[in-house]
Amino acid sequence: MSGAVAHLGHVELYTDRFDESLDFFTRVYGLKLSARSADSAYLRAWDDYELHSLKLTRHHSTGVGHIGYRAASAQALADQVAVIEASDYLCHGWVEGDLGHGRAFRFEDPFGHVFELYWDSVKYRATGEDRPALKNMASRYTGQGAAPRRIDHLNLLAADVAEFRRFMQLCLGSRVTEMIQLDNGRTGGCWFTVNNKTYDLACTEDHSGGVARLHHITYATDSREDILRAADLFLENGVHIETGPHKHAIQGTFFLYVWEPAGNRVELANAGARLILAPDWEPVVWTEAERKRGQAWGLKTIETFHTHGTPPAAKE
């Protein structure tokens, strides 16, 4: 872990049903609207410290627009950009920034996902009715919808997870905490972190032939009970519940997966107090046979979890 990159900052999510998706993410999922532009809504969970952690953008399709990581300092940003520019990965160069942050350096993995690194950030300042009772919280907890606390991670799809691992380790200084080793020698999945969280990004193998595909984006809750409550809320609001609530074997998170109105997969997860504190942590390696047993308590992984991603692909 290089220490140059601090944390996952935000994800831009594309939707071709903008109004319905925005209603889902605010009224049902429970994110707060920080700002609007012509084609995007800037959303955050109630304890996200930046202006936004999700940029929801009107688009002709679904999937992920870009993934933003915040650097540890201005100098760390410059140092890490030098590393990326010296690599063999595609660099888009500097952009002037967005409503939530200053200038950012954009680059691309071999599978079409666009990343950006930034330092200057717009901190959310709660005012009026959004001001919390306790000054150490980013904003008031209202209990609107599922009301997750913060952004947690996202899962991308790639045709070659081992090559994606090389990209994450070089360009973002990530380390692998857990992984799947398939019988054919290929890597089935990797879970990455740039800090002491168990993971902030996962990548799993994609057999669809698609490009720049998203598996899911996840926000964290304080407890498992929050997820059980959310399941009832999703049911009452006609949201497609794909699988869960249940517990993952990998990473041990309690989970619930749904599809928002445009078809992007969205997760709520509770990891408990699990952190990676050991500086010499060795990745936990799961075999194909172990993964075929299903999730932690025996729930079999449903077929759509292996096939559905956004944007849709021909083989899906």
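Side chains are part of it too, since the values below use all heavy atoms of this structure and drop only hydrogens, waters and symmetry mates. The first residue of the sequence shown is numbered 1, and numbering continues consecutively from there.
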* Other cluster members, L277 - Ile/Leu/Val/Met/Phe/Trp/Tyr, side-chain contacts below 4.5 Å ->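 Cluster partners of L277: L275.
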Count I, L, V, M, F, W, Y as connected when their side-chain heavy atoms are under 4.5 Å apart, and connections chain through other members. Are [X] and [Y] then in the same cluster?
{"X": "L170", "Y": "F164", "answer": "yes"}
{"X": "L201", "Y": "I276", "answer": "no"}
{"X": "L54", "Y": "L8", "answer": "yes"}
{"X": "Y42", "Y": "V11", "answer": "no"}
{"X": "V64", "Y": "Y118", "answer": "no"}

Would [X] and [Y] pass as an ion pair if we require N to O under 4.0 Å?
{"X": "E225", "Y": "R229", "answer": "no"}
{"X": "R150", "Y": "D47", "answer": "no"}
{"X": "E12", "Y": "R106", "answer": "no"}
{"X": "R166", "Y": "D88", "answer": "yes"}

Can you tell me if [X] uses its side chain to pair, donor with acceptor, with the backbone of [Y] under 3.5 Å?
{"X": "K55", "Y": "Y14", "result": "no"}
{"X": "Q295", "Y": "W297", "result": "no"}
{"X": "E108", "Y": "Y89", "result": "no"}

* For S139, which residues count as a side chain to side chain contact (heavy atoms under 4.5 Å, CB included) partner, sequence neighbours excluded? ->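 Scan of S139 (side chain to side chain contact (heavy atoms under 4.5 Å, CB included), adjacent residues dropped) gives K32, R44, W46, Y124, A126, D130.
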Any [X] side-chain heavy atom under 4.5 Å of [Y] side chain:
{"X": "H66", "Y": "H92", "value": "no"}
{"X": "S223", "Y": "F254", "value": "no"}
{"X": "D200", "Y": "H7", "value": "no"}
{"X": "Q251", "Y": "T177", "value": "yes"}
{"X": "S21", "Y": "L56", "value": "yes"}
{"X": "V176", "Y": "F192", "value": "yes"}
{"X": "L117", "Y": "F107", "value": "yes"}
{"X": "R70", "Y": "W119", "value": "yes"}

If you round to the nearest 0.5 Å, how far is [atom2] of [Y] from [atom1] of [X]?
{"X": "T26", "Y": "L33", "atom1": "OG1", "atom2": "CG", "value": "7.5 Å"}
{"X": "D48", "Y": "L43", "atom1": "CG", "atom2": "CG", "value": "10.5 Å"}
{"X": "L13", "Y": "H59", "atom1": "CG", "atom2": "NE2", "value": "11.0 Å"}
{"X": "K247", "Y": "N270", "atom1": "NZ", "atom2": "CG", "value": "10.5 Å"}
{"X": "L154", "Y": "I67", "atom1": "CG", "atom2": "CD1", "value": "5.5 Å"}
{"X": "W259", "Y": "T62", "atom1": "CH2", "atom2": "OG1", "value": "11.0 Å"}

* Derivation of the ring pair (Phe, Tyr, Trp, His ring centres under 6.0 Å) call for H153 and W191 -> CA-CA 10 Å; H153 68 272; W191 283 254; 9.2 Å; no
Mind listing the closest non-hydrogen atom pair of [X] and [Y] along with its distance?
{"X": "D183", "Y": "E288", "result": "N-OE1, 2.8 Å"}
{"X": "A230", "Y": "A146", "result": "CB-CB, 3.8 Å"}
{"X": "V122", "Y": "L99", "result": "CG2-O, 3.4 Å"}
{"X": "H113", "Y": "D109", "result": "ND1-OD2, 2.7 Å"}
{"X": "P311", "Y": "S61", "result": "CB-OG, 3.4 Å"}

* To do: Test F111 against D206 for side-chain contact (heavy atoms from CB on, under 4.5 Å), laying out the working first.
  => CA-CA 10 Å; F111 311 100; D206 189 7; over 6 Å; no
[X] and [Y]: side-chain donor and acceptor closer than 3.5 Å?
{"X": "T187", "Y": "E205", "answer": "no"}
{"X": "T310", "Y": "N264", "answer": "yes"}
{"X": "T204", "Y": "N155", "answer": "yes"}
{"X": "H308", "Y": "E242", "answer": "no"}

* **Set of side-chain hydrogen bond (donor to acceptor under 3.5 Å, both in side chains) partners for R165, sequence neighbours left out** =>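 Residues passing side-chain hydrogen bond (donor to acceptor under 3.5 Å, both in side chains) with R165: none at all.
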* To do: Describe, in one word, how the ring planes of H52 and H10 are oriented to each other, choosing from parallel (under 30°), tilted (30 to 60°) and perpendicular (over 60°).
  =>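 Judged by the thresholds at 30° and 60°, the geometry between H52 and H10 is tilted.
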* To do: Please state whether the rings of F105 and W94 are parallel, tilted or perpendicular, taking 30° and 60° as the class boundaries.
  =>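 Taking W94 first and then F105, their aromatic rings stand perpendicular (interplane angle over 60°).
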* To do: Would you please test K197 and D152 for side-chain contact (heavy atoms from CB on, under 4.5 Å) and show each step?
  => CA-CA 9 Å; K197 284 178 76 275; D152 191 76; 3.5 Å; yes
Ring centroid separation for [X] and [Y], is it under 6.0 angstrom?
{"X": "F167", "Y": "F115", "value": "yes"}
{"X": "H215", "Y": "F305", "value": "yes"}
{"X": "F255", "Y": "H216", "value": "no"}

* To do: Determine, step by step, whether E50 and I151 satisfy the side-chain contact (heavy atoms from CB on, under 4.5 Å) criterion, reporting the C-alpha distance in whole Å, the side-chain angles of both residues, the deciding distance to 0.1 Å, and the verdict.
  => CA-CA 11 Å; E50 294 183 282; I151 191 170; over 6 Å; no
* Asked: What do the steps show when you test V161 against I180 for side-chain contact (heavy atoms from CB on, under 4.5 Å), and what is the final call?
  -> CA-CA 10 Å; V161 178; I180 301 170; over 6 Å; no
